[in-house]
Amino acid sequence: MQGRGMPGSIALMLSKTGGPPFHGSVGYVNDAIGPIMARNGWRVRTFAPPRNDLGEEAMVPLALSAQLAALDGAAAPDVAFFDAAGMAVRTPSRGWARRNVVLYHGLAYGTGAWMTSPDIDLHCANSPYLERTLGAIFAFPNWQQRRCLNPHALRALTRIALPVPCVESPDGHPGFGYGADLPPYIQRKLGDDVVWGHALQPGKQDWFATLSVMFWLNELRTSPDAKRIKLLVSESSLTPDTRRALDAMLAPAGRNCDDYFLSVPLLNQRTLFQLMRRCRFALAYNRFPEPFGFYVLESVHNRCPVYTNGVGNNRFLLPPEHGIHVLETPAMTPAADGRQDAEAYRGVAERILADLGRSDAMAAQCQRGAALIDQQWSLAAFEQSLLAAMDRLDRPLPPEPDFEALQVQLSPLVRHMDWDTGRCLNDYASTTLRSQALAAARALVGRRCAELASDEMERIESTHRLFAGGLLTLAPATPAS
């Protein structure tokens with residue numbers, strides 16, 4: 001097998017390629033891989049999806065067959081490099097490529113191809129958080145067989161530092177041309193009589209949390225001449241159905257969505273960055289567990305601090321006082337019956353209002369954050385990280401973990417666990433555990449599999465779903481155990 005010292009052939013099975021214009025941040029990352037590998041001596045073959053105007057291709061995929069046959073070439077590639085969506089086109093197999101590598105931009109695609117596959121030689125997460133999450137999935141216990149779901153994959157996990165486009169192009173990358181310039185009717189509304197924030201990621205908001213913060217931001221203004229505070233949101237997120245639901249929540253207070261939100265169409269990156277610089281704060285109180293977090297990094301890089309519940313990787317991106325403020329308390333946990341309390345978000349509004357009065361300090365924090373972003377997530381850092389991962393293909397894997405020695409631990413999806421009340425803030429599903437589930441979880445954490453009987457664990461899991469609910473996982477025992 002050729003490694004970095006003696007590169008061979010590599011077939012790229014990546015989605016959203018063909019830019020510029022780039023097909024989002026995933027496209028920006030994927031389009032950088034081929035040139036990096038070619039510069040470092042690899043013979044690169046690149047899959048490109050077939051044209052969709054060649055006949056009934058959706059029902060009879062002849063053009064796809066031709067593309068895959070051409071990709072095969074005269075000999076099998078030394079390495080096939082996939083992203084998760086690329087595995088929908090071809091499943092990793094040593095019957096085709098000698099080695100298979102997968103880069104995970106998230107976990108939404110190709111699950112049937114990677115979750116239990118023994119043919120993937122290297123699983124590359126796009127963040128330490130996603131690496132830990134993949135580890136929890138691969139370690140999912142089968143108590144009857146007393147084994148993990150994919151013990152081979154646990155030995156082959158690593159992470160890669162992605163490039164963030166604003167490092168290369170601080171004013172917005174020209175390759176992100178999709179989207180509109182700022183419409184004149186939006187421009188006219190962006191007056192100085194309003195303090196503006198932004199939450200423009202489509203489809204990711206926790207609307208109850210977002211609305212609660214905005215409600216308190218306006219209720220807590222004490223000065224009679226205080227400016228209104230409003231939030232720019234994606235028009236694809238604030239759908240008519242969502243608007244009706246939020247208006248119904250606000251009706252008892254005599255308010256509606258227009259008092260708090262302004263819908264904005266999809267913007268090109270240059271315009272998005274200009275808009276971020278006009279805003280005083282950003283909200284990322286999301287339900288979607290962010291695998292990486294381009295948007296919040298871009299906001300900090302554009303001198304606009306972010307306030308977030310820290311869902312997904314957002315809580316790990318930057319250290320404190322670098323522009324990302326993770327503000328979440330146990331009171332934000334839904335009750336066992338799903339009820340939530342808007343009062344829980346009052347403290348977030350109080351913090352934002354206080355920080356609005358410390359603009360110089362907030363700017364300095366964002367400046368520190370931007371410097372760290374430039375250092376950690378440049379194209380050069382991506383190249384170094386990618387090549388280091390490829391070097392791992394030449395090294396022997398460590399032995400598979402001994403199932404009996406693994407320890408029950410809190411899942412990496414858990415943001416906060418209150419063992420007294422059962423309140424659990426969790427990237428999979430936040431809830432308040434009922435007393436029996438709480439007692440079962442408390443009794444299991446810290447114990448090794450060798451201590452746990454299969455039938456009893458099957459009973460506990462079928463009753464409380466502690467592993468399937470994202471509360472518990474298996475992992476190597478900690479040194480203190």
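The figures that follow rest on heavy atoms only: side chains count, while hydrogens, waters and symmetry mates do not.
One distance of note links CG of Asn100 with NE2 of His123; it measures 9.5 Å at 0.5 Å rounding. Note: Leu238 CG to Gln205 CD = 8.5 Å, rounded to the nearest 0.5 Å. If you take CD1 on Ile352 and CE on Met214, they are separated by 8.0 Å, rounding to the nearest 0.5 Å. One distance of note links CG of Leu250 with CZ of Arg255; it measures 8.5 Å at 0.5 Å rounding. How far CD1 of Ile36 is from CG of Leu386: 5.5 Å, rounded to the nearest 0.5 Å. Atom CG of Asp83 is separated from atom OG of Ser15 by 3.5 Å, given to the nearest 0.5 angstrom.
Partners of Phe294 according to the ring-ring contact (aromatic ring centres under 6.0 Å, His included) rule, which considers only residues two or more places apart in sequence or in another chain, are Phe292. The side chain to side chain donor-acceptor pair (under 3.5 Å) check on His173 picks up Glu168, with sequence neighbours excluded. With sequence neighbours excluded, the residues satisfying side chain to side chain contact (heavy atoms under 4.5 Å, CB included) with Pro202 are Ser234, Ser236, Ser237.
Within the structure, salt bridge (charged side-chain N to carboxylate O under 4.0 Å, His left out) contacts touching residues 284-304 (residues at least two apart or in different chains) are Lys204-Glu290. Among pairs with a residue in residues 263-285, those fulfilling salt bridge (charged side-chain N to carboxylate O under 4.0 Å, His left out) read Asp171-Arg277, at least two apart in sequence or across chains. Sorted by first and then second residue, the side chain to side chain donor-acceptor pair (under 3.5 Å) pairs involving residues 460-469 (not counting sequence neighbours) form an empty list.
The environment of Phe288 atom CZ is dense: over 12 non-hydrogen atoms of other residues, nucleotides or ligands sit within 6.0 angstrom. Around atom CD of Gln436, no more than 12 heavy atoms belonging to other residues, nucleotides or ligands sit under 6.0 Å away. At most 12 non-hydrogen atoms from other residues, nucleotides or ligands lie less than 6.0 angstrom from CG of Asp192. Summarising the local packing, OH of Tyr109 is surrounded by 12 or fewer heavy atoms from other residues, nucleotides or ligands at distances under 6.0 Å.
For the pairing with Tyr129, the side chain to side chain donor-acceptor pair (under 3.5 Å) check across Asp427, Asn314, Asn313 returns one residue only, Asp427. With Leu297 as the fixed residue, the side-chain contact (heavy atoms from CB on, under 4.5 Å) test singles out one of Asn302, Ile373, Val167: Ile373.
Here the shortest heavy-atom pairing between Ala389 and Thr158 reads CB-CG2, 4.3 Å. Minimum heavy-atom separation, Ile137 to Leu149: O-CD2, 3.5 Å. Between Leu438 and Thr421, the shortest heavy-atom contact is CD2-C, 4.4 Å. When all heavy atoms of Pro319 and Leu372 are compared, the closest pair comes out as CD-CD2, 3.5 Å. Heavy-atom minimum distance, Gly34 versus Leu12: CA-CD1, 3.6 Å. Contact detail for Leu379 and Pro163: the closest heavy-atom pair is CD2-CB, 3.7 Å.
Between Tyr307 and His325, the ring planes lie parallel to each other; the angle is under 30°, not in the 30° to 60° tilted range. Taking the six-membered ring for Trp and thresholds of 30 and 60 degrees, Phe176 and Tyr28 have ring planes inclined between 30 and 60 degrees apart.
Lys230 and Asp193 are not joined by a salt bridge, as no carboxylate oxygen comes within less than 4.0 angstrom of a charged side-chain nitrogen. Here Arg243 does not pair with Asp247 in a salt bridge; the nearest charged N to carboxylate O distance is not below 4.0 Å.
With hydrogens and angles left out, the side-chain atoms of Asn268 and Asp181 include a donor and acceptor closer than 3.5 Å. Looking only at atom types and distance, the side chain of His23 has no donor-acceptor partner in the side chain of Asp31 under 3.5 Å away.
Within the 4.5 Å cutoff, no side-chain heavy atoms of Val89 are placed close to those of Phe82. Proximity of Ile229 to Leu353: side-chain heavy atoms (C-beta onward) are separated by under 4.5 Å at one or more points. Between Phe316 and Ser127 the shortest side-chain heavy-atom distance does not fall below 4.5 Å. Here the side chains of Phe467 and Leu474 are in contact, with some heavy-atom distance below 4.5 Å. The side-chain heavy atoms of Val233 and Val264, taken from C-beta on, include no pair separated by under 4.5 Å. Two residues are said to be in side-chain contact when any heavy atoms from C-beta on lie closer than 4.5 Å; Cys279 and Leu232 meet this criterion. At least one side-chain heavy atom of Leu107 sits under 4.5 Å from a side-chain heavy atom of Leu130. Contact annotation: the side chain of Val29 approaches that of Phe382 to within less than 4.5 Å [non-hydrogen atoms, C-beta and beyond].
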* To do: Kindly determine whether Asn30 and Thr17 satisfy side-chain hydrogen bond (donor to acceptor under 3.5 Å, both in side chains), including the steps that lead there.
  => CA-CA 6 Å; Asn30 286 352; Thr17 53; over 6 Å; no
* Ser93/Thr91 under side chain to side chain contact (heavy atoms under 4.5 Å, CB included): CA gap, chis, key distance, verdict -> CA-CA 6 Å; Ser93 168; Thr91 302; 5.8 Å; no
* To do: Would you sort out whether Leu190 and Leu275 count as a side chain to side chain contact (heavy atoms under 4.5 Å, CB included), showing the intermediate values?
  => CA-CA 10 Å; Leu190 295 177; Leu275 206 54; 3.6 Å; yes
* Asked: Can you check side chain to side chain contact (heavy atoms under 4.5 Å, CB included) on Lys227 and Trp196, steps first, answer last?
  -> CA-CA 10 Å; Lys227 296 179 179 180; Trp196 288 100; over 6 Å; no
* To do: Would you sort out whether Leu425 and Val414 count as a side chain to side chain contact (heavy atoms under 4.5 Å, CB included), showing the intermediate values?
  => CA-CA 6 Å; Leu425 292 162; Val414 175; over 6 Å; no
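In this structure, the side chain of His322 engages the main chain of Pro320 through a donor-acceptor pair within 3.5 Å. Using a distance-only test at 3.5 Å, with no hydrogens or angles considered, a donor-acceptor pair links the side chain of Asn426 to the main chain of Gly470.
When ring centroids are compared, Trp114 and Tyr104 come within the 6.0 Å threshold.
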